[in-house]
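Note that this is a predicted model, so its numbers are computed, not measured. Throughout, protein chains are lettered first and strands after them, A, B, ... in sequence-line order, and every chain is numbered starting at 1.
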Amino acid sequence: MKATFPHMGRMDIFIKGIVKALGMEAVVPPTSSKKALNLGVKYAPEFVCLPFKLMLGNLIEAFERGADTVIMVSDRGPCRLGLYGLPMQIILKNLGYEANWLILNTPHALHGLFQLGIEKEVVKYRDKLTFVDGLLAFHFGWKKMLAIEEIERLSLKIRPYEINKGDTTKGLYQGMEAIESADNLYDLKKAKDAVIKDLRSIPQDRNRRPLKIAIAGEIFVVLDSFANLDIEKKLGELGCEVDRTIWFSTHILHHVGLDKFMRRSKGKAVRAARPYLKHPVGAECNATVGYAILYAEEGYDGFIHLMPFTCMPEFVAGGVLTRVSKDYNIPIFTVELEEHSSQTHLMTRLEAFVDLLKRKRQKRQGLEGSRGD
Amino acid sequence: MNIYLGIDVGSISTNLAVIDEEKKVLAWEYLLTGGRPIEAVQRGLKEIEKKLPSQVEIRGGGSTGSARHLTGILIGADTVKSEIIAHAVAASHLIPEVKTIFEIGGQDSKIIIVRDGVVVDFAMNTICAAGTGSFLDHQAQRLGVPIEEFGNLALQSKTPTRVAGRCTVFAESDMIHKQQTGHATENIVAGLCQALVRNYLNNVGKGKELLPPVVFQGGVAANKGMKAAFEEELGYEVIVPEYYHVMGAIGVAILAQETIVETKKTKFKGFEVSEVDYKTRSFECTGCPNLCEVIEVLMSGEVISRWGDRCGKWEVLEK
Ligand code: SF4
Ligand code: SF4
């Protein structure tokens, strides 16, 4: 069996970690790129959302490299994600790629992973591999994922202060590579500590007072830096401290009900959105609206809403957000992403948005009579 | 005399404007970019220098437009600003009480909402081309109407033909249909203006509070038919400023002046940059599957700037 999976942000680190610890084989598709996107666009229905196109492209590239089993995390809808698997199977079959499909609905993802590991493949190794091995492998993958997220978080905090543009991003990419190649928990810890030290030692101007911006929206485009045109990097380099509302780990923890006590859990966000949305719209819609409220209350300067073009739940969220923006006096900028999204266009609008936030802050400080920037 | 220079380099046109300390426009230049921003900037600088009185000192310079960063490097800009801000600054300078700005250029169109001289909201067409100048050009050509006469012709129409304006493809086929069924050209032309206005207000202006005074600028503002269609749709006057086509350049010149108040000394390299040998080139990095297209700017053969890499590997120049 040569299993593969479509990318979503750095989820590959998690899966690769597990696979590595189990001693199994996986075909990791090349990271999402223009090539994957073009393949996806070519074979996907035109109006399907961007995540579908990218994932399809990933799978085609994986099949070209000999994959024969697809593991896919899915959702229960009501939007298209719940139905991603079937049309993909049909499209790929028509292209001549036959494969075993293992579609995991997120709430049961963990269960499904064990099933995959234990029932199917592991039969071959039964005398060698136990349930405990499975748990340990899972633990290793999880730890790796957390390490990646930790350095990503740190990079978001450091980037607005960096003196030489690009230093943080360079450090982050090198750090991710180092963490990726760790083979065991000990090496992982060592690699992570070294990366953190390197990132911290980047020359910084701590006199700056960065604007604070939160990013929310549809999960795939929030997590995937290729899909969102490196928006975190762009904002950071424009001098903003970015906070991302969804992480792979928080998403999983939410689904297994372990995020209840976190400061900004999805549940809290959904509850905060209740005055505007009484019923679940699907996917991240309610949470997106709620996060805008929570961050506005925390005094954030701005809020960025990411959505794939034609995304139903986020389209609804966008409509509600215009009201939240007025009611809570927080500028909100919705970015629709699709295959033709241009870097230049996005940059033009981001710069204007950041400028708008700066002037707003100056005005507020002027009114309060406190010291200016 | 002290003057300030603004350059707006877009994908279709490159505009330059020079203002004095009182922000009065002394000279302007409008040329086609033709896919070669560096050449356009250098040509523009040469042309505008000829129009200036001999005793001038450039106190500051700024760049805007989609090639603003490249231009900023070339000329040594004191400020590099997004065209959304530049357009808003110019409009609020000319009409201080402006609340809404319509900006329609060749490739894109924007709506900017201003309150008390500050941008509070904006939108830009990113997906649909139906609301841009190229669309009008294209349709004018199809109808055999020179684009300069398009506006006047539209004004002659008493009963504009209704053209479906939802998207370019529909608009075009609908227009051909109307043409074949014998509608007069002036009516179709007027109908097209209305369709474009509807499309623009629905798509770009979606959910925005469009309060007067409205300033209408960008290349398409030359089209009187468009101005009339806006006024009819909105029910109030739409102001087209004198320098409607170079507002971005004027705006960034004003911003340069503001910057100089703080920094005191300009980084502007002088009109001589039109003689310097600048080049850009690009290569595909094969360091990882991202295959980034990295762009390099060379000055007299030496790399002075790089961008386009996602990982920072090339952007950080080793000193
Ligand atoms: S949430 Fe939006 S982008 Fe994601 S599958 Fe549903 S419709 Fe598509
Ligand atoms: S520039 Fe960096 S991210 Fe881009 S292809 Fe090269 S190594 Fe990969």
Next item on the list: For K267(B), look at atom NZ and say whether over 12 heavy atoms of other residues, nucleotides or ligands are found less than 6.0 Å away.
Entry: no
Next item on the list: Mind telling me whether F122(B) and F333(A) have parallel, tilted or perpendicular rings, with 30° and 60° as the class edges?
Entry: tilted
Check: Contact part of E162(A) toward chain B, heavy-atom cut-off under 4.5 Å: side chain, backbone, both or neither?
Finding: neither
Notebook entry, point to check: What's the spacing between W314(B) CH2 and K170(A) NZ if we round to 0.5 Å?
Noted result: 10.0 Å
Checklist line | Top contributor to chain A interface from C311(B), P289(B), S82(B) [non-hydrogen pairs under 4.5 Å] | finding: C311(B)
Notebook entry, point to check: So with a 6.0 Å cut-off around CZ of R36(B), is the heavy-atom count from everything else above 12?
Noted result: no
Margin query: Counting only heavy atoms from other residues, nucleotides and ligands, does the tally under 6.0 Å from CD of E177(A) exceed 12?
Written below: no
Item checked: R200(A) atom CZ, over 12 foreign heavy atoms within 6.0 Å -> no
Note to self: Nearest 0.5 angstrom please: T31(A) OG1 to N290(B) CG, how far?
What the structure shows: 4.5 Å
Note to self: For the residue pair S225(A) / R310(B), report whether a side-chain donor-acceptor contact shorter than 3.5 Å exists.
What the structure shows: yes
Checklist line | Nearest-0.5 Å distance that lies between atom NZ in K35(A) and atom CG in L291(B) | finding: 8.5 Å
Check: Out of curiosity, Q343(A) CD to W307(B) CH2, how far, rounded to the nearest 0.5 Å?
Finding: 13.0 Å
Notebook entry, point to check: Stepwise, does the salt bridge (charged side-chain N to carboxylate O under 4.0 Å, His left out) test hold for E284(B) with K34(A)?
Noted result: CA-CA 12 Å; E284(B) 193 180 79; K34(A) 267 174 266 159; 5.9 Å; no
Next item on the list: State, to 0.1 Å, how close R359(A) and L255(B) come at their nearest heavy-atom pair, and which atoms those are.
Entry: NH2-CD2, 3.9 Å
Margin query: Distance check, rounded to the nearest 0.5 Å: K110(B) atom NZ versus T348(A) atom OG1?
Written below: 7.5 Å
Margin query: Any salt bridge linking E351(A) with R68(B)? Criterion: basic side-chain nitrogen under 4.0 Å from a carboxylate oxygen.
Written below: yes
Next item on the list: Could you tell me whether E83(B) and R349(A) make a salt bridge, using a distance below 4.0 angstrom between a side-chain N and a carboxylate O?
Entry: no
Next item on the list: Answer yes or no: are there more than 12 heavy-atom neighbours, outside R115(B) itself, under 6.0 Å from its atom CZ?
Entry: yes
Next item on the list: Answer with side chain, backbone, both or neither: which region of M347(A) has an atom nearer than 4.5 Å to a non-hydrogen atom of chain B?
Entry: both
Item checked: Region of D309(B) that comes under 4.5 Å of a non-hydrogen atom in chain A -> backbone
Next item on the list: Identify which part of K233(A) has an atom lying under 4.5 Å from any heavy atom of chain B, answering side chain, backbone, both or neither.
Entry: side chain
Next item on the list: State, to 0.1 Å, how close V119(B) and L356(A) come at their nearest heavy-atom pair, and which atoms those are.
Entry: O-CG, 3.4 Å
Next item on the list: Report the option among T322(A), D355(A), L357(A), T344(A) that has the most heavy-atom pairs separated by less than 4.5 Å from atoms of chain B.
Entry: D355(A)
Note to self: Counting only heavy atoms not in K23(B) (residues, nucleotides, ligands), do more than 12 fall under 6.0 Å from its NZ?
What the structure shows: yes
Next item on the list: Would you indicate whether D205(A), at its atom CG, is surrounded by more than 12 heavy atoms from other residues, nucleotides or ligands within a distance under 6.0 Å?
Entry: yes
Note to self: Please check if the number of heavy atoms outside Y276(A) that lie under 6.0 Å from its OH is greater than 12.
What the structure shows: yes
